[in-house]
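Input: one structure, supplied below.
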Amino acid sequence: MKNFFLNLTRIVEANPKVYFAIIFGIAFCLMLFIAEAVHIQKLAEAASTKDQAALREIIQPVASRYTWSRVLAIAVMVFWSTMEYRKTKKQLGLK
């Protein structure tokens with residue numbers, strides 16, 4: 001475990017893209033969450049209904065799309081950071 005963290009430190013120092021991939025993934029998920037909140041608020045105002053069941057039926061497809069968008073963003077972030085990690089690990093000749 002100690003070797004893993006030492007190698008990770010060397011890899012991040014040699015290629016900060018690993019770190020930036022994680023930061024960008026988290027920032028993009030946060031932006032999607034804020035966009036979802038604004039979008040749902042606008043839909044709720046436009047629907048102007050007091051019926052919670054009808055409102056839930058309107059909001060659920062939108063919320064589902066944003067959820068899957070965040071899942072995709074996390075998957076891309078994991079793939080990107082893993083590729084950068086492996087590329088740098090190979091360049092440094094680490095096991």
Side-chain angles (χ1 to χ4, degrees):
M1 192 66 155
K2 184 178 178 182
N3 287 335
F4 170 76
F5 285 114
L6 290 174
N7 288 341
L8 179 64
T9 303
R10 286 187 213 147
I11 289 170
V12 171
E13 286 175 354
N15 187 358
K17 289 181 184 178
V18 175
Y19 187 63
F20 288 130
I22 296 168
I23 290 174
F24 288 142
I26 292 169
F28 190 64
C29 284
L30 181 62
M31 288 180 357
L32 281 171
F33 182 74
I34 292 169
E36 177 185 10
V38 170
H39 193 177
I40 288 175
Q41 184 178 9
K42 298 263 185 197
L43 281 175
E45 289 174 2
S48 65
T49 182
K50 299 292 182 186
D51 184 16
Q52 293 295 318
L55 193 58
R56 186 176 300 120
E57 291 297 320
I58 294 170
I59 292 174
Q60 186 59 36
V62 174
S64 179
R65 283 189 221 129
Y66 278 106
T67 300
W68 284 110
S69 297
R70 285 192 298 272
V71 168
L72 179 64
I74 290 171
V76 168
M77 177 261 310
V78 168
F79 179 75
W80 181 22
S81 63
T82 302
M83 294 306 296
E84 292 295 335
Y85 177 86
R86 287 182 179 172
K87 182 174 72 172
T88 306
K89 187 175 177 181
K90 187 176 178 182
Q91 287 175 351
L92 295 176
L94 300 172
K95 288 187 177 182

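Residue numbers start at 1 and run along the sequence shown.
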Minimum heavy-atom separation for Trp80 and Phe20, please, with both atom names.
CZ3-O, 4.5 Å
Looking at residues at least two apart in the chain, or sitting in another chain, which of them share a side chain to side chain donor-acceptor pair (under 3.5 Å) with Ser81?
none
For residues 57-67, run the donor-acceptor check on the side chains, cut-off 3.5 Å, and write out each pair with its distance to 0.1 Å, sequence neighbours left out.
{"from": "Tyr66", "atom 1": "OH", "to": "His39", "atom 2": "ND1", "distance (Å)": "3.1"}
{"from": "Thr67", "atom 1": "OG1", "to": "Ala63", "atom 2": "O", "distance (Å)": "2.9"}

Considering only Ile, Leu, Val, Met, Phe, Trp and Tyr, and joining two whenever side-chain heavy atoms are under 4.5 Å apart, list the other residues clustered with Leu72.
Val76
Sequence neighbours excluded - salt bridge (Lys or Arg N to Asp or Glu O under 4.0 Å) pairs with any residue from residues 6-28:
none
I'd like to know if Val18 and Leu92 are part of one continuous hydrophobic network [Ile/Leu/Val/Met/Phe/Trp/Tyr, side-chain heavy atoms within less than 4.5 Å].
yes
So how far is it from Asn15 CG to Tyr85 OH, rounded to the nearest 0.5 Å?
12.0 Å
Roughly how far, to the nearest 0.5 Å, is CD of Glu84 from CZ of Phe79?
10.0 Å
Report all side-chain donor-acceptor pairs from residues 42-55 shorter than 3.5 Å, counting only partners two or more places apart or in another chain.
{"from": "Thr49", "atom 1": "OG1", "to": "Asp51", "atom 2": "N", "distance (Å)": "3.2"}
{"from": "Asp51", "atom 1": "OD1", "to": "Ala53", "atom 2": "N", "distance (Å)": "3.4"}

Quick one: side chains of residues 26-38, donor-acceptor pairs under 3.5 Å with protein atoms, not counting sequence neighbours, listed by atom name and distance.
{"from": "Glu36", "atom 1": "OE1", "to": "Arg70", "atom 2": "NH1", "distance (Å)": "2.7"}
{"from": "Glu36", "atom 1": "OE1", "to": "Arg70", "atom 2": "NH2", "distance (Å)": "3.3"}

